[in-house]
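One structure below.
Atom set for the values below is all heavy atoms of this structure, side chains included, hydrogens, waters and symmetry mates excluded. Remember, it's 1-based here, ligands and their atoms both numbered in the order they're listed.
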Amino acid sequence: MRPTGKLHLGHLVGALENWVALQHEFNNYHLIADYHALTTNLDTSAIYQNTIDMLIDWLASGLDPVGSPMFRQSQIKEHAELHLIFSMLITAARLERNPAVKEQVRDLNIESVSYGHLGYPVLQAADILLYKGELVPVGEDQVPHVEITREIARRFNNQYKSVFPEPEPKLTKFARLPGLDGMDKKMSKSGGNTILLSDSPGEIQKKMRTAVTDPLKIRKNDPGRPEICLVYTYHQKFNPGEAEQVATDCRSGALGCVECKKRVAVRIADTLAPFREKRAHYESHLEEVKDILTDGEERARTVARQTMAEVHEVMKLG
Ligand code: AMP
């Protein structure tokens, strides 16, 4: 994940939930993609604080730093080195076809994409393959990048010797959570349409009031269409026990949008309650958070160095 600050519900349901679920079954590596943050924002004045904020969100969500290292890309030089080698194994034309970059260029009104931004899936391939990742738990938007990683791994293995696995993406059921401003918009920081994991119950209620619902349901008793409503998507995720009844009452006109939003906001706040408690602990124990980072970086560096030694060996470099 890029350190863009406090995490939102999209991060939780699209990726973080899987990280937590998989952490005891696999050797997880949790990368803070700080170089990647530069692709869309060159101002690094807040990057350290954003890193710490994100790390606290990870810890608060139940990730265990003892089992799974957490570390910054910029602190392990092997990421940059492997990126350089991989950048020779893919064409510029292939990267220009990448739908995720095209989407970002459109959404952020980028006039002319930088060399580093175009190549960020290549850096991502290095991030994954340095640790010989086999499963990449990401949201839907990242699937094209995992495909590029597979292509690069195959190319490297064919050209030199088989060093890398061909990883698979691992999606959650809600691999694309919509933002508060419409079903067609992904929840994202730049979209300004988020509910943060650290938001208080009051803030969640307030934000939920702004959520866009079915435009044809104007009055409280008008029949609605839950299938096109993002508030209903939130019910499915955070209020699964009552979601079916919510859909029936929305369709019949028995349930108005105001009440429907209030109910789901309460459920979201309940889901996040343990999270807020843990967050408060880490916020008042910042030294603990920094130690977790330093320790994670040391452990990740050891693995990264081993992989690079293998790469040098098969490439006859050094
Ligand atoms: P980013 O902040 O873009 O680096 O995203 C970090 C991870 O969260 C990636 O795996 C994304 O696919 C995932 N993610 C971010 N926003 C959403 C969303 N609205 N729905 C599902 N997954 C998301």
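Counting heavy-atom neighbours within 6.0 Å of E288 CD, excluding the residue itself, gives a total above 12.
Counting only non-hydrogen atoms, the option in K185, R176, H11, M1 that gets closest to atom 15 (C) of ligand 1 is H11. The heavy atom nearest to atom 17 (C) of ligand 1, out of those in G139, G191, A15, G10, is found in G10.
Here the closest heavy-atom approach between residue I85 and residue M308 is recorded as CD1-CE, 4.1 Å.
For atom 20 (N) of ligand 1, the nearest non-hydrogen atom of the protein is L177 N, 2.9 Å.
Within ligand 1, the atoms closer than 4.0 Å to a non-hydrogen atom of R2 are 1 (P), 3 (O), 4 (O), numbered from 1 in the order shown. Residue-ligand proximity, Q142 to ligand 1, at heavy-atom distances under 4.0 Å covers atoms 9 (C), 10 (O), 12 (O). Close contacts between ligand 1 and G14 involve ligand atoms 21 (C), 22 (N) [criterion: under 4.0 Å to a heavy atom]. Ligand 1 places these atoms under 4.0 Å from at least one heavy atom of K186: 18 (C), 19 (N). The atoms of ligand 1 that sit less than 4.0 Å from any heavy atom of M187 are 16 (N), 18 (C), 19 (N). The contact set between ligand 1 and V138, taken as ligand atoms under 4.0 Å from a residue heavy atom, comprises 10 (O).
We find that E283 and R279 are joined by a salt bridge, their nearest charged nitrogen and carboxylate oxygen being less than 4.0 Å apart. Ion pairing between a basic and an acidic side chain is recognised when a charged N comes within 4.0 Å of a carboxylate O; R72 and D34 show no such pairing. Classification of R263 and E259 as a salt-bridged pair holds, one side-chain N sitting under 4.0 Å from a carboxylate O.
In this structure, Y120 has its ring center under 6.0 Å from that of H117. For Y131 and H79, the ring centers sit closer than 6.0 Å to each other.
For D141, every heavy-atom contact with ligand 1 shorter than 4.0 Å involves the side chain, none the backbone.
To the nearest 0.5 Å, the span separating CD1 on I128 from CG on L123 amounts to 10.0 Å.
For the pair A175 and ligand 1, a heavy-atom separation below 4.0 Å is found. Residue contacts with ligand 1: H8 is included, with a non-hydrogen atom under 4.0 Å away.
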